[in-house]
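Input: a single structure, listed below in structure tokens.
Just so it is clear, the structure is predicted and the values come from calculations on it, not from any experiment. Letters A, B, ... are given to chains in the order of the sequence lines, protein chains preceding strands, and every chain is numbered from 1.
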Amino acid sequence: MAHAAAERPPEETLSLWKGEQARLKARVVDRDTEAWQRDPSFSGLQKVGGVDVSFVKGDSVRACASLVVLSYPELKVVYEDSRMVGLKAPYVSGFLAFREVPFLVELVQRLQEKEPDLMPQVILVDGNGVLHQRGFGVACHLGVLTELPCIGVAKKLLQVDGLENNALHKEKIVLLQAGGDTFPLIGSSGTVLGMALRSHDHSTKPLYVSVGHRISLEVAVRLTHHCCRFRIPEPIRQADIRSREYIRRTLGQLGVAPAQRKDRSQKEQRPNACPQGGPGAPADQGRPPECHGRDSSSDPKAPKPGFQKQKDQQLEGTGHQEDSDLWPPSPAWVQSPP
DNA sequence: GCGACAG
DNA sequence: ATCTTGTCGC
């Protein structure tokens with residue numbers, strides 16, 4: 001039973017999740033509530049958070065959740081908490097929060113306990129805010145559960161409410177000529193759900209920014225832009241880099257049973273053991289502001305093939321349904337209502 | 001059966 | 001999301 005979070009939940013579960021989203025959605029505040037948000041240069045803003053979850057290939061349970069806090073406007077990491085977690089829900093488009101948000105809330109609580117002074121004034125979330133099937137993406141979810149301002153930053157357009165990544169959309173993207181350029185994402189209802197943002201002068205593929213909680217779309221977009229040294233906003237980029245680094249260093253290439261890995265021809269299988277410090281040595285757990293050690297974080301060598309994959313293809317699975325069809329391995333799906 | 005599909 | 005190697009550009 002190493003796949004607790006592998007198969008799609010039954011409709012009954014999805015209905016409960018929809019109800020939860022509808023209930024929490026009523027608490028979303030889609031306007032500025034902080035003084036720094038009104039300031040042209042964001043004076044007063046000093047700490048920006050970023051969260052992300054990386055996964056262990058071939059393992060539907062283990063993942064690493066990270067929360068980082070960066071100084072603003074320097075964008076230097078002043079706090080990091082990366083933790084291995086056990087996933088309890090699978091990824092289902094439209095319900096990303098039920099898979100990741102419990103761990104993100106935990107990270108925020110740990111920060112509150114350990115270093116309350118480093119609590120971020122806003123968190124950039126990997127995923128959407130109100131640009132969502134039911135107007136309540138993971139950025140809204142995290143925002144409402146923590147009451148912290150949150151911004152949804154997606155790397156791909158979620159095609160909902162009439163929004164399509166079609167020829168017209170692509171034409172608009174071409175018109176984004178410089179970093180900071182944007183165009184609104186208007187749903188069928190006529191509502192502005194978010195903005196496509198060219199985050200950097202040298203980046204062609206836009207980011208899709210939407211309101212998570214306690215911030216206006218305009219400010220969300222402007223702040224996201226100010227956080228970009230590269231295409232991905234630094235807070236999210238650092239959380240991403242550090243969470244996968246954590247996995248790489250603790251599990252290396254052996255994510256799952258070494259026996260069922262695909263045989264890579266006859267190449268040498270590196271012994272691959274964790275260098276200094278055993279698994280018991282977190283290597284960076286509650287590390288105070290100092291952040292000693294390697295800070296290779298920001299380097300101008302962002303390796304990205306000069307060409308894209310004309311179509312973000314997703315390997316359509318191997319077509320194998322290797323395991324049984326016992327879905328809920330155990331109860332406890334929905335979190336306690338209130 | 002076919003198209004979609006945030007992470 | 002994950003894996004993967006080289007390659008092109010500043």
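Sequence neighbours left out, the pairs with a member in residues 89-105 of chain A that pass side chain to side chain donor-acceptor pair (under 3.5 Å) are A:S93-A:Q133.
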What would the secondary structure line of DNA chain B be in dot-bracket form, counting Watson-Crick and G-U wobble pairs under 3.5 Å, with [ ] for pairs that cross earlier ones and | for pairs with another strand?
.......

Using Watson-Crick or G-U wobble pairs with both distances under 3.5 Å, give me DNA chain C in dot-bracket, 5' to 3', with [ ] for crossers and | for pairs to another strand.
..........

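Side-chain atoms of A:R244 lie closest to C:dT2 of the nucleotides B:dC5, C:dT2, B:dG7. The side chain of A:D52 lies closest to B:dG7 when the candidates are C:dT2, B:dA6, B:dG7. Picking from B:dC5, B:dG7, C:dT2 the nucleotide with the shortest atom distance to the side chain of A:S93 gives B:dC5. Among the nucleotides B:dA6, C:dC3, B:dG7, the one closest to the side chain of A:H132 is B:dA6. In the set B:dC5, C:dC3, B:dG7, B:dC5 carries the atom at the smallest distance from any side-chain atom of A:Q159.
The side-chain ring of A:Y91 is stacked on the base of B:dG7, judged by centre separation under 5.5 angstrom and plane angle under 30 degrees.
A:E80 and A:S82 share a donor-acceptor pair across their side chains, judged by distance under 3.5 Å alone. For the residue pair A:T33 and A:R214, a side-chain donor N or O sits within less than 3.5 Å of a side-chain acceptor on the partner.
In this model, the phosphate group of C:dA1 is not approached by any side-chain N or O of A:K156 to a distance below 4.0 Å at OP1 or OP2. The shortest distance between the side-chain N/O atoms of A:K57 and the OP1/OP2 oxygens of C:dA1 is not below 4.0 Å.
At a threshold of 4.0 angstrom between heavy atoms, the contacts of A:V53 with the nucleic acid are absent. Using a 4.0 Å heavy-atom criterion, one finds that A:D126 contacts the sugar-phosphate atoms exclusively. Using a 4.0 Å heavy-atom criterion, one finds that A:G152 contacts no nucleic acid atom at all.
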Output a table of donor-acceptor pairs, distance under 3.5 Å, between side-chain atoms of residues 184-197 of chain A and any protein atom two or more places apart or on a different chain; print 'none' if there are none.
unit_1, atom_1, unit_2, atom_2, d
A:S188, OG, A:D161, O, 3.0
A:S189, OG, A:T191, OG1, 2.9

Side chains of residues 206-213 of chain A: which donor-acceptor partners sit under 3.5 Å, not counting sequence neighbours?
unit_1, atom_1, unit_2, atom_2, d
A:Y208, OH, A:H169, NE2, 2.8
A:S210, OG, A:G129, N, 2.7
A:H213, ND1, A:V29, N, 3.0
A:H213, NE2, A:E147, OE1, 3.2

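A distance below 6.0 Å separates the ring centres of A:H141 and A:F98.
Comparing B:dC2 with C:dT5, their C1' atoms sit 34 Å apart, to the nearest whole Å. Rounded to whole Å, the C1' atom of C:dT2 lies 16 Å from the corresponding atom of B:dC5.
Following rounding to the nearest Å, A:I236 (CD1) and B:dA6 (C1') show an atom-to-atom distance of 12 Å. At whole-Å resolution of the value, CG in A:L193 and P in B:dA6 are 16 Å apart.
No donor-acceptor pair closer than 3.5 Å links the side chain of A:D52 to the backbone N or O of A:A239. Side chain of A:N165 to main chain of A:L157: no donor-acceptor pair is present (N/O by atom type, distance under 3.5 Å, no hydrogens or angles).
Salt-bridge annotation for A:R110 and A:E113: absent, with no side-chain N of the basic residue lying under 4.0 Å from a carboxylate O of the acidic one.
Legend: residues meeting side-chain hydrogen bond (donor to acceptor under 3.5 Å, both in side chains) with A:Q112, ordered by chain and number and at least two apart, are absent.
With the nearest nucleotide of DNA chain C identified for both A:H202 and A:F55, A:F55 has the one nearer the 5' end.
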